[in-house]
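Accompanying notes for the structure given below.
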Amino acid sequence: MENTLSIIGYGGHSYVCIDAAIIQGYKVEGYYEIEEKNFNPFGLKYLGDENQAVSLKNTFISIGDNLLREDVFK
């Protein structure tokens with residue numbers, strides 16, 4: 001069975017997180033972000049903004065700013 005996850009945030013910090021997830025055998029299905037990114041180095045599907053994430057199960061918050069990441073988590 002393949003492990004899958006989605007990412008909240010798609011910027012510099014998330015690229016490192018996505019790379020680490022891929023190395024560990026995860027398939028990253030897409031990303032949540034305020035708006036769809038023009039620069040998409042991993043070719044991920046845009047899933048909507050972070051408020052559209054149904055649950056945090058199988059979702060990794062990869063926002064670099066600690067306070068913003070905590071706020072999204074709450």
Side-chain angles (χ1 to χ4, degrees):
M1 181 175 160
E2 187 174 34
N3 294 322
T4 62
L5 60 91
S6 57
I7 300 290
I8 296 178
Y10 198 37
H13 179 71
S14 70
Y15 303 152
V16 175
C17 298
I18 292 166
D19 204 30
I22 291 169
I23 289 169
Q24 293 298 312
Y26 285 88
K27 178 183 177 191
V28 182
E29 294 183 321
Y31 69 96
Y32 295 96
E33 183 60 79
I34 294 170
E35 59 185 31
E36 189 169 2
K37 297 287 189 168
N38 291 325
F39 182 67
N40 189 346
F42 290 93
L44 299 180
K45 179 180 178 181
Y46 176 65
L47 302 171
D49 70 30
E50 66 272 5
N51 295 317
Q52 293 175 308
V54 175
S55 80
L56 289 180
K57 183 177 182 184
N58 297 332
T59 303
F60 187 83
I61 304 171
S62 63
I63 299 169
D65 182 292
N66 293 337
L67 295 175
L68 183 55
R69 186 172 57 245
E70 180 182 27
D71 188 46
V72 169
F73 178 78
K74 289 180 179 178

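In this chain, residues are counted from 1 in sequence order.
Between the S6 side chain and the E29 main chain, no donor and acceptor come within less than 3.5 Å of each other.
Separating the CD1 atom in I18 from the CD1 atom in I23 is a distance of 12.0 Å, to the nearest 0.5 Å. Note that the CG atom of N3 and the CG atom of N58 stand 8.0 Å from one another [nearest 0.5 Å]. Rounding to the nearest 0.5 Å gives a distance of 10.5 Å between CD of E70 and CG of D65. Separating the CD atom in E50 from the CD1 atom in I7 is a distance of 13.5 Å, to the nearest 0.5 Å. The OH atom of Y32 lies 9.5 Å from the NZ atom of K45; values are rounded to the nearest 0.5 Å.
F60 is listed as a side-chain neighbour of C17, based on a closest heavy-atom distance under 4.5 Å. Put simply, the side chain of I8 does not reach to within 4.5 Å of the side chain of F73, judged on heavy atoms. Proximity of T59 to L5: side-chain heavy atoms (C-beta onward) are nowhere separated by under 4.5 Å. Residues Y10 and L44 are in side-chain contact: their nearest non-hydrogen atoms beyond the backbone lie under 4.5 Å apart.
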Decide side-chain hydrogen bond (donor to acceptor under 3.5 Å, both in side chains) for Y46 and N40; before the verdict, give the C-alpha distance in whole Å, the side-chain angles of both, and the deciding distance to 0.1 Å. CA-CA 10 Å; Y46 176 65; N40 189 346; over 6 Å; no
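Across all their heavy atoms, L47 and G30 have their closest contact at CD1-C, 3.6 Å. A pairwise comparison of heavy atoms in S14 and S62 identifies CB-OG, 2.9 Å as the closest pair.
Ring geometry for F39 versus Y15: interplanar angle over 60°, hence perpendicular rather than tilted (30 to 60°).
Within 6.0 Å of CD1 on I22 lie more than 12 heavy atoms contributed by other residues, nucleotides or ligands.
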